[in-house]
Amino acid sequence: MRFYAEIVMAKKTFQRPKGTADILPEQSVAWQKVEAVARQLFSNYGFGEIRTPMFENFEVFARSAGDTSDVVTKEMYDFYDKGDRHVALRPEGTAGVVRAYVENKLYGPDHEKPYKVFYMGPMFRYERPQAGRFRQFHQIGVEAFGSKSPALDVEIIAMAVNYFKTLGLKNLTVAINSLGDQESRQAYRQALIDYLKPHFDDLSQDSQTRLEQNPLRVLDSKDKKDQEIVADAPSILDFLSEASQAHWQRVQELLDLLEINYTIDSNMVRGLDYYNDTIFEIMTTDENLSGAATIAGGGRYSGLVEEFGGPDTPGIGFAVGVERLLALLASQNAEAAKEPQLDFYVVNLGEGSDAPALKLVQDLRQLGYRANRDYLDRSAKSQFKTANRLEAAYVMTLGDSEIANHTVSLKNMESGEQEEIKLDQLAEELARVTKKGDK
RNA sequence: GCGGUAGUGGUGAAGUGGUUAACACACUGGUUUGUGGAUCCAGCAUGCGAGGGUUCGAUCCCCUUCUACCGCCCCA
């Protein structure tokens, strides 16, 4: 006994890994809501759920050597497994889905075009936690393959907007931009460098390095000085190739047709390198969430499927950050979903009441009621207090006399009325009583 | 990877280099032996994130470390 006590005192404590969270029952109610709405709505739009592994071969994410995004270069949770395979926890959903699309030959004739899927689950990024930023976080995302139609771009943006509207969110803005195709981007990139070079010394430290590695990034610098310089920079929209220009125009026309409000932000760039043509973000204007304002982002990508060894196939998708969405929902919705209350609480008194109470709650649950009981042998008063706190509609009391008579005392907690009912007619009696009680 | 702020019980928190770490909420028990939401009474941190150090003595001083929060980078 003594030994044990000492072991307990010296007991090691554990903390969850940095940047992770335990989602407790009170919170998971909201998670389930958000997921359920997505499943329902996305399926209305013809998307089926896909579930891919949470880890992939490292190369799935770090395909092209030219990938400059931090997401793959420095934020990846990668390691060698016992078979010396280089694997990585997924930092985002698209790569795995594209891999699955190609590996399962979903581009084949047996499958609908466009091929539309959605996914939800944890993503991992090794980065410093802060507002709306975690090492394990969750995304709900969609991808659609096999159509270049601007109507698909618009439908997907509309679906995202619809999703947030269904959840009751307000103060959202949709920002769109076009990155053009390869050709457009090449031309623009050079023009931007030519413009920025003379201002090199005035640019922030960060932007100076950005200029070398990924000049487009300079466009959304947060530095004031940078922003002034960028204000007069050439716009990508003036460099779109004919095809990209036509696509871009059509997207806007169709958004107007659906009466979706949007703003064009020609300085918007997205974090992953694979995007081209239409890109978009959905942001909140709530001040207190400014650090994590973007709750969904996505766009078109055309080279990806080919990079994974599939046929030349266009794709488009977006992902919403679930933690950010939930934070926003919480800030806009003061009253959180309450835990469901109870139908019956079983107060059990005395030594012989344990087994009958076990049987009784079990029977009640089998009849479809929400039932709970006391397991701690507490006083009648305490048990009633608990019943009250749990908002039980009725309390059933099981003591020596009830057990002897094969009855149970049933008390309506609202009216205070109490009566004895026979255990062998439990179902009938409850049907009678609860019906009366409800109306 | 860089910068800032913080870390006291289930929760919100006060506090000081020195015998018992305020107060409130919550919780538990009691206020006539089996009946709730009010009142009253009592209990509830061998402990002040962790590990070192300074000191006769540290929750309070110093160092290291961990974690959280915020910002940069980057991103959902």
Side-chain angles (χ1 to χ4, degrees), chain A residues 5 9 12-21 68-76 91-94 120 122-141 160 204-207 209-210 213-214 217 220-223 268-273 280-284 288-298 317-328 345-350 353 374 376-403 409-418:
Chain A
M9 303 247 302
K12 191 170 174 10
T13 58
F14 294 96
Q15 289 180 310
R16 68 182 81 94
K18 182 172 181 155
T20 63
T68 61
S69 67
D70 283 11
V71 171
V72 317
T73 57
K74 22 188 274 215
E75 295 178 356
M76 210 120 65
E92 52 100 21
T94 302
M120 47 184 72
M123 306 292 162
F124 306 85
R125 252 116 102 156
Y126 188 89
E127 60 183 339
R128 194 84 171 259
Q130 56 191 278
R133 207 96 60 96
F134 309 94
R135 289 189 170 184
Q136 178 178 166
F137 63 103
H138 298 74
Q139 288 188 337
I140 298 177
S204 66
Q205 198 76 14
D206 284 326
S207 286
T209 63
R210 278 190 275 239
Q213 289 170 352
N214 193 351
R217 288 240 77 96
D220 65 359
S221 169
K222 281 178 191 159
D223 185 272
M268 181 171 70
V269 218
R270 297 211 37 77
L272 289 324
D273 286 350
F280 65 96
E281 282 186 10
I282 296 179
M283 293 169 290
T284 172
N288 48 342
L289 291 156
S290 61
T294 302
I295 55 176
F318 71 82
V320 351
V322 180
E323 282 82 357
R324 291 183 180 187
L325 171 59
L326 255 15
L328 188 57
Y345 188 84
V346 175
V347 167
N348 55 108
L349 304 160
S353 67
D374 177 79
L376 302 176
D377 255 335
R378 299 185 306 154
S379 68
K381 176 180 172 135
S382 311
Q383 295 191 44
F384 267 87
K385 275 190 172 177
T386 299
N388 207 52
R389 193 173 40 222
L390 296 178
E391 296 179 21
Y394 296 89
V395 167
M396 289 183 164
T397 305
L398 262 184
D400 294 340
S401 60
E402 286 88 353
I403 292 168
S409 302
L410 179 71
K411 179 171 184 174
N412 180 321
M413 292 299 275
E414 202 179 335
S415 68
E417 287 169 30
Q418 184 161 322

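Residue numbers start from 1 in every chain, and the chains themselves are labelled A, B, ... in the order their sequence lines are given, proteins ahead of strands. Here the structure is a predicted model, which means the values were calculated and not measured.
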Worksheet item: Less than 3.5 Å between a donor and an acceptor, one on the side chain of A:E414 and one on the base of B:rG37, is that the case here?
Response: no
Discussion item. What is the distance, to the nearest angstrom, from the CD atom on A:Q15 to the P atom on B:rG51?
Written reply: 13 Å
Practice prompt. Return the value, rounded to whole Å, for the distance between atom CG of A:N348 and atom C1' of B:rG34.
Written response: 11 Å
Discussion item. Nearest whole Å is fine: how far is B:rU35 C1' from A:D374 CG?
Written reply: 13 Å
Discussion item. Under 4.0 Å, counting only non-hydrogen atoms across every strand here, what does A:G141 touch: a base, just sugar-phosphate, or nothing?
Written reply: nothing
Worksheet, complete the sentence: pair_partner(B:rC74), Watson-Crick or wobble, both distances < 3.5 Å, evaluates to none
Discussion item. Check this for me, if you would: do A:E417 and A:K411 make a salt bridge, where the nitrogen-to-carboxylate-oxygen distance has to be below 4.0 angstrom?
Written reply: no
Worksheet item: Counting N and O atoms only, with roles assigned by atom type, does the side chain of A:S353 sit under 3.5 Å from a partner on the main chain of A:L349, one being a donor and the other an acceptor?
Response: yes
Item to complete: Describe the nucleic acid contact of A:G19 in one word from base, sugar-phosphate, nothing, applying a heavy-atom distance below 4.0 Å.
Response: sugar-phosphate
Worksheet item: So, A:R324 side chain and A:G132 main chain: donor-acceptor pair closer than 3.5 Å or not?
Response: yes
Fill in: P gap between B:rG7 and B:rC48, integer Å
14 Å
Worksheet item: Does A:D206 use its side chain to pair, donor to acceptor, with the backbone of A:S221 at less than 3.5 Å?
Response: no
Worksheet entry | Watson-Crick or G-U wobble partner of B:rA38, both distances under 3.5 Å | none
Worksheet item: Does A:P129 reach the side chain of A:K18, with side-chain heavy atoms less than 4.5 Å apart?
Response: yes
Worksheet item: How long is the line joining OH of A:Y126 and P of B:rC2, in whole Å?
Response: 10 Å
Practice prompt. Could you please name the partner base of B:rC69, counting Watson-Crick and G-U wobble pairs only when both distances are under 3.5 Å?
Written response: B:rG4
Discussion item. What's A:S379 touching, base or sugar-phosphate or nothing? Going by heavy atoms closer than 4.0 Å.
Written reply: sugar-phosphate
Worksheet item: Taking any strand in view, what nucleotide pairs with B:rA21 in a Watson-Crick or G-U wobble way, both distances under 3.5 Å?
Response: none
Worksheet entry | Side-chain (A:E92) to main-chain (A:M123) donor-acceptor, under 3.5 angstrom | no
Worksheet item: How about A:Y345 and A:N388: do any of their side-chain heavy atoms sit closer than 4.5 Å?
Response: no
Worksheet item: Given the C1' atoms of B:rG34 and B:rA42, what is the spacing between them in whole Å?
Response: 23 Å
Practice prompt. Scan A:Q205 against the nucleic acid and name what it touches under 4.0 Å (heavy atoms): base, sugar-phosphate only, or nothing.
Written response: nothing
Worksheet item: Quick one: which of A:Q136, A:H138, A:Q139, A:R133 gives a side-chain hydrogen bond (donor to acceptor under 3.5 Å, both in side chains) with A:E323?
Response: A:H138
Practice prompt. Classify the side chain of A:Q418 versus the base of B:rU35 as yes if they form a donor-acceptor pair under 3.5 Å and no if they do not.
Written response: yes
Discussion item. Below the 4.0 Å mark, does B:rG34 have OP1 or OP2 next to a side-chain nitrogen or oxygen of A:S409?
Written reply: no
Worksheet item: Which base, if any, makes a Watson-Crick or G-U wobble pair with B:rA26, both distances under 3.5 Å?
Response: none
Discussion item. For the C1' atoms, the ones on B:rU8 and on B:rA68, what distance do you get once it is rounded to whole angstrom?
Written reply: 15 Å
Practice prompt. Can you tell me, in whole Å, how much space there is between the P of B:rG47 and that of B:rC63?
Written response: 26 Å
Fill in: B:rA50 to B:rC70 separation - P atoms, rounded to the nearest Å
24 Å
Worksheet item: Which parts of nucleotides 70-76 of chain B does protein reach within less than 4.0 Å, heavy atoms only, written one letter per nucleotide 5' to 3' as B for base, S for sugar-phosphate only and - for none?
Response: SBBBBBB
Worksheet item: Considering only the P atoms, how many Å lie between B:rG4 and B:rU20, rounded to the nearest integer?
Response: 39 Å
Worksheet item: Is the shortest distance from a Lys or Arg side-chain nitrogen in A:E281 or A:R270 to a carboxylate oxygen in the other one below 4.0 Å?
Response: yes
Response to the item:
Here the distance between atom C1' of B:rU28 and atom CZ of A:F384, to the nearest Å, is 19 Å
Discussion item. Please report the distance, rounded to the nearest Å, between CD in A:E402 and C1' in B:rG34.
Written reply: 8 Å
Practice prompt. Check for a donor-acceptor pair, side chain of A:E414 on one end and backbone N or O of A:A393 on the other, with a separation under 3.5 Å.
Written response: no
Discussion item. Distance check, C1' atoms only: B:rA6 and B:rA13, in whole angstrom units.
Written reply: 14 Å
Worksheet item: Mapping A:G416 and A:R389 to their closest nucleotides on RNA chain B, which lands nearer the 5' end?
Response: A:R389
Fill in: Rounded C1' spacing from B:rG9 to B:rA21 in Å
11 Å
Worksheet item: Considering every strand shown, what is the Watson-Crick or G-U wobble mate of B:rC61 when both distances are under 3.5 Å?
Response: B:rG53
Practice prompt. Write down the distance between NZ (A:K385) and P (B:rU35), rounded to a whole number of angstrom.
Written response: 13 Å
Worksheet item: Do A:K381 and B:rU31 have a side chain to base donor-acceptor pair shorter than 3.5 Å?
Response: yes
Worksheet item: For A:M396 and B:rG36, what is the distance between atoms CE and C1' respectively, to the nearest whole Å?
Response: 17 Å
Discussion item. Once you apply a heavy-atom cut-off of 4.0 Å, does A:K18 come out as touching a base, just sugar-phosphate, or nothing?
Written reply: sugar-phosphate
